[in-house]
Number of protein chains: 2
Amino acid sequence: MDALELLIKHDIKPSVQRLAVMEYMLTHFTHPTVDEIYSSLSPAIPTLSKTTIYNTLSLFEEQGVVLYLGIDKKNARFDGNTSHHAHFRCKKCGKIIDIFNQKQEDIVIEGHPELIIDEVQTYYTGYCKACTN
Amino acid sequence: MDALELLIKHDIKPSVQRLAVMEYMLTHFTHPTVDEIYSSLSPAIPTLSKTTIYNTLSLFEEQGVVLYLGIDKKNARFDGNTSHHAHFRCKKCGKIIDIFNQKQEDIVIEGHPELIIDEVQTYYTGYCKACTN
DNA sequence: AACTAAATTGTAATTATTACAAATCTGTTT
DNA sequence: AAACAGATTTGTAATAATTACAATTTAGTT
Ligand SMILES: [Mn+2]
Ligand SMILES: [Mn+2]
Ligand SMILES: [Zn+2]
Ligand SMILES: [Zn+2]
């Protein structure tokens, strides 16, 4: 599924800027910050505004086409992979690694049937291979 | 275990300010923000500085006597309960609820034996009972 | 009392994010 | 094609949480 299809499927009008951001998210699963996305796209779209990146990611998140990650104290991070997976952040190098093959969390929490769960995020923190030597 | 014992056990010199913050964390398991702690303690300790709250919580976190929660986009939140449990945040009222009786996460992640895990946090997001009616 | 190190305070700096109004773009109607 | 309306983008300013840092105060020791 390419960027254009994905936007249309999520009722997002595909502008040049939105397509560029979506395309970026589908080719960089590094959980980028707003600044990283802006810096990468800015040369090709010289008029691009950082506010547009904020607006766009906010819209994408509302429409469920990207995921907001609160794993980083400093900056918001975003994930173009919206399938269920957890994340690991290295305290030393800051890299964020996907953790797949986890059992899907229940939609209902045992002991709390009254809560409506929209989302579950699991964040691991520690040290990656490269930072352990 | 009271505030004084807890600080001493964690090699933290018990000043008036530190004792007050620790005492607050042991009697308010509401996952408070820096501002909430400051506003609550400020009347009794008129000279108290907000920087001291930041410093103190930072020290407490390093020494493992409180937990930092990244569940709230706007403010850092802290938890005086350092035992293993997850958290639920209501999108409407912002309340953060403890989720206990969860199976302890593994210290080693299946498929990633190379990662050193220091901490695991699970954040649920949705709507609480009061906000569903 | 003098000394030293640690802790606290107050203020200023930093910086991510949001607010907002002006400008631009897109598609439609006359 | 020109006029129009609505959506989108842009640039700048405002907001606000956090951090940096130097001066002051406190606590403990000689
Ligand atoms: Mn991911
Ligand atoms: Mn808790
Ligand atoms: Zn690393
Ligand atoms: Zn609620």
Side-chain angles (χ1 to χ4, degrees), chain A residues 3-4 7-8 10-24 31-63 65-78 89 91 94 96, chain B residues 3-4 7-8 10-24 31-63 65-78 89 91 94 96:
Chain A
L4 180 61
L7 292 191
I8 289 170
H10 285 85
D11 297 313
I12 298 167
K13 270 197 194 157
S15 67
V16 169
Q17 292 84 347
R18 287 172 180 174
L19 276 169
V21 174
M22 192 71 255
E23 178 66 26
Y24 184 90
H31 317 97
T33 64
V34 166
D35 262 26
E36 284 165 356
I37 301 170
Y38 175 75
S39 299
S40 177
L41 300 182
S42 188
I45 310 174
T47 62
L48 187 63
S49 166
K50 202 178 280 185
T51 299
T52 299
I53 307 292
Y54 276 104
N55 290 342
T56 300
L57 289 168
S58 178
L59 175 66
F60 284 6
E61 196 205 342
E62 278 166 28
Q63 300 301 335
V65 71
V66 301
L67 230 51
Y68 168 90
L69 299 187
I71 198 175
D72 183 347
K73 229 182 263 224
K74 290 278 171 203
N75 312 298
R77 291 182 170 271
F78 295 89
R89 181 176 52 80
K91 283 180 183 175
I96 296 170
Chain B
L4 180 61
L7 292 191
I8 289 169
H10 285 85
D11 297 313
I12 298 167
K13 268 196 195 159
S15 66
V16 170
Q17 292 86 345
R18 289 171 178 174
L19 276 169
V21 173
M22 191 73 254
E23 178 66 27
Y24 184 89
H31 315 98
T33 64
V34 166
D35 261 26
E36 285 165 355
I37 301 169
Y38 175 75
S39 299
S40 176
L41 299 182
S42 187
I45 310 174
T47 62
L48 187 63
S49 166
K50 202 178 281 186
T51 298
T52 299
I53 307 291
Y54 276 103
N55 291 342
T56 301
L57 289 169
S58 177
L59 174 67
F60 284 7
E61 196 206 342
E62 278 166 28
Q63 301 300 337
V65 72
V66 302
L67 231 49
Y68 168 90
L69 299 188
I71 198 175
D72 182 347
K73 230 182 265 225
K74 290 277 171 205
N75 313 297
R77 291 182 170 274
F78 295 89
R89 182 177 51 81
K91 284 180 183 175
I96 295 171

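Lettering follows sequence order; numbering is per chain, from 1.
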Worksheet, complete the sentence: Between its two end axes (five pairs each) the helix from C:dA1-D:dT30 to C:dT30-D:dA1 turns, nearest 10 degrees, through 0°

Discussion item. B:Ser40: which residues meet the side chain to side chain contact (heavy atoms under 4.5 Å, CB included) condition with it, sequence neighbours left out?
Written reply: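 Counting only residues at least two positions away or on another chain, B:Ser40 forms a side chain to side chain contact (heavy atoms under 4.5 Å, CB included) with B:Tyr24.
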
Worksheet entry | Listed partners of B:Ser15 passing side chain to side chain contact (heavy atoms under 4.5 Å, CB included), at least two apart |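 Scan of B:Ser15 (side chain to side chain contact (heavy atoms under 4.5 Å, CB included), adjacent residues dropped) gives B:Gln17, B:Arg18.
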
Item to complete: Could you pull out all residues at least two apart from B:Glu62 that satisfy salt bridge (charged side-chain N to carboxylate O under 4.0 Å, His left out)?
Response: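 Scan of B:Glu62 (salt bridge (charged side-chain N to carboxylate O under 4.0 Å, His left out), adjacent residues dropped) gives none.
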
Worksheet item: In chain order, what residues pass the salt bridge (charged side-chain N to carboxylate O under 4.0 Å, His left out) check against B:Lys74, with sequence neighbours excluded?
Response: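 Partners of B:Lys74 by the salt bridge (charged side-chain N to carboxylate O under 4.0 Å, His left out) criterion come out as none, since no residue qualifies.
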
Discussion item. Taking salt bridge (charged side-chain N to carboxylate O under 4.0 Å, His left out) as the cut-off, I'd like each qualifying pair that reaches into residues 32-60 of chain A, sequence neighbours left out, listed once.
Written reply: A:Asp35-A:Lys50

Worksheet entry | A:Lys13: partners by side chain to side chain donor-acceptor pair (under 3.5 Å), with sequence neighbours left out |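 With neighbours one apart ignored, the set is empty.
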
Worksheet item: Quick one: side chain to side chain donor-acceptor pair (under 3.5 Å) partners of A:Asp72, sequence neighbours excluded?
Response: A:Arg77

Item to complete: Examine distances only and state if a side-chain atom of A:Ser58 and a backbone atom of A:Tyr54 form a donor-acceptor pair shorter than 3.5 Å.
Response: no

Item to complete: Let me know the distance between CG of A:Leu19 and P of C:dC25, rounded to the nearest Å.
Response: 17 Å

Worksheet item: Rounded to the nearest Å, what distance is computed from the CZ atom of residue A:Phe78 to the C1' atom of nucleotide C:dT17?
Response: 10 Å

Fill in: Per-nucleotide protein contact string for nucleotides 5-23 of chain D (B base, S sugar-phosphate only, - none; heavy atom under 4.0 Å)
--SSSBBB----SBBBB--

